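Note that the structure is a prediction, hence the values are computed from the model and not measured. Residue numbering restarts at 1 for every chain, and letters A, B, ... go by the order of the sequence lines.
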There are 2 protein chains.
Amino acid sequence: MLRYCSSGSDSKLSRKPSQLTHLARRESEPGAGPKARDKALRLHGTIARKLGISIVSGRFKPGDLLNGEIASSEQFAVSRTAYREAVRILAAKGLVDARPKVGTRINAQSEWNLLDPDVLDWTFESEPDLQLLNSLFELRNVVESAAAGMAAKRRSAAHLKAMRAALDGMATHTLATEAGRQADLDFHTTLLTATHNPFIISLTNGVNAAIRTTTIFKQRERPLRRDPLPDHMRVFEAITAGEVGKAERAMSELIELARIDTPASKRRPRKRGR
Amino acid sequence: MLRYCSSGSDSKLSRKPSQLTHLARRESEPGAGPKARDKALRLHGTIARKLGISIVSGRFKPGDLLNGEIASSEQFAVSRTAYREAVRILAAKGLVDARPKVGTRINAQSEWNLLDPDVLDWTFESEPDLQLLNSLFELRNVVESAAAGMAAKRRSAAHLKAMRAALDGMATHTLATEAGRQADLDFHTTLLTATHNPFIISLTNGVNAAIRTTTIFKQRERPLRRDPLPDHMRVFEAITAGEVGKAERAMSELIELARIDTPASKRRPRKRGR
DNA sequence: TCATAAAATAACTCAGACAATATTTCAGCA
DNA sequence: TGCTGAAATATTGTCTGAGTTATTTTATGA
């Protein structure tokens, strides 16, 4: 019996939300971790996030109808305005479809913008499903390997210089430090820039961000198995030499290494039976 | 349809239809304005589209501030509510960033969700920029070729059957008819389904839709150069035989053919200077 | 039976007020 | 002077309650 009603919640006022008390805020988090996730979400943003997680996690299923605006806004203890803006966000990402007289219906998964950064974030927020994570690495492998090949053809001297600097940064600081991770990110960002393909840049940026947070999140449990620096060096050398195939293969190895080091997906999914 | 939560709140208070005051009616445009491609876009959708096109087309540049909500809503002759929901859509797609006291700022292109179906649509709405279109075909080539390879490994008998049926449809009706184009779409959709990778499905669906409309739009100017059916057959045969590399190469050829047949990009852009 | 019109319902739009949030300004003090 | 912190300010954010529109369902008539 799923219900996202606030029945058990600490709603002070039963009805008449005239001056609603400040809802639970999610600022705190004084951790020294990356503030990337700290975006100062507003009311509509938090509700979109809640609903979005409920949808991508499967708690709400495609074809289901959300409750009406009045009912839903009351459940969340917000105004219809805020709730509607939240729904608007979800509709913009293809998760739902709102129509007069019909209601707000959850779309089929094929309609979702799965590669939207927020949707990716919500997807891997709760349960980093193993199957799904491997699918994401599969796509990343395809796209980023090709990107390395393009970079080998199209990189400029400035690109090479920036990548070398990033590798130096990775060497001095390790990946355990924030500075080291920043250098890693710089390397990949520069490589993508060298492709001169805005779509590949947009796609890979979002995907890597999602994977990175997933990785960081679980990182404490155990250290990296292998030093990723040599693999990065191989990619860099191939790009410097302008060897397309070599760059592609080196990047593919690098990503496969990253996949193996991502805790949630230890085993290779070779049981892809039909 | 199951509903979340109790449906107890059926507050049917008396809604007395008091005398109707005629509000300010927005100008009823005699069919000339926005129409055609949208399926019953509402007001906020229409404005989001207008603004979105202004942004992706470069009329509004990154870093610029949009006018304030009151000014903008007056400019569009809509309420602040509708305008705000439009901005919310754009923000959900990464095009803008709205913050109190600062205003609504247009993000850098690297922040945009370029692969969002709507953003793609808006991008190729006005001016199918040659460079950009080739970048999109480049991505499509990478991803969909790999998808064909995956399909060769993972397809089921049902997939093969559906693809064969689609090919038959393409043969009987030509691509000049709607039924033929539907069969073409079915073929590609089935192929993607066979990859079992939701991200690749989501990505390619959106990209192909954008390319398709661009192609269809310009189609009248001249007929196709070459019959695409043989190329499709080669892809199908390779997938049937389970030959990964062959399927990848065949799909790559197919996409290259499509690129060449897309009017906006006649010549190969080989001057990709660094 | 089918086409057409009326009713019902949900999202949609409107208007105006107030609140929250950053930026900017400026007073107070070392 | 130069710095710190509080207040003014401008903009988005949220709330309320009403009326409007689109779409489905039902009723009606030929």
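Here the closest non-hydrogen pair linking S110(A) and N205(B) is O-ND2, 4.4 Å. Looking at every heavy atom in both residues, N197(B) comes nearest to S135(A) through ND2-O, 2.9 Å.
Under 4.0 Å is where a charged nitrogen must lie from a carboxylate oxygen, and between R49(B) and E125(B) at least one such pair does.
Note: CG (L41(A)) to C1' (dA20(C)) measures 15 Å, nearest angstrom. In this entry the distance linking CD of E85(A) with P of dT13(C) reads 13 Å, nearest Å. The separation between R105(A) atom CZ and dA22(D) atom C1' is 16 Å, rounded to whole Å.
OP1 or OP2 of dC15(D) lies within a sub-4.0 Å distance of a side-chain N or O belonging to S79(A). Distances shown here put a side-chain N or O of R88(B) below 4.0 Å from the OP1 or OP2 atom of dG13(D). In this structure, R42(B) reaches the dC12(C) phosphate: one of its side-chain N or O atoms is under 4.0 Å from OP1 or OP2.
Comparing dA11(C), dT9(D), dT12(D) by their closest approach to the side chain of P100(A) singles out dA11(C). The side chain of A98(A) sits closest to dC12(C) out of dT24(D), dA15(C), dC12(C). Comparing atom distances between the R84(B) side chain and each of dT14(D), dT24(D), dC12(C) picks out dT14(D) as nearest.
For the pair R80(B) and Y83(B), both in contact range of DNA chain C, the more 5′-proximal nearest nucleotide belongs to Y83(B). Annotation: of the two residues near DNA chain D, K101(A) and E69(B), the 5′-most nearest-nucleotide partner is E69(B).
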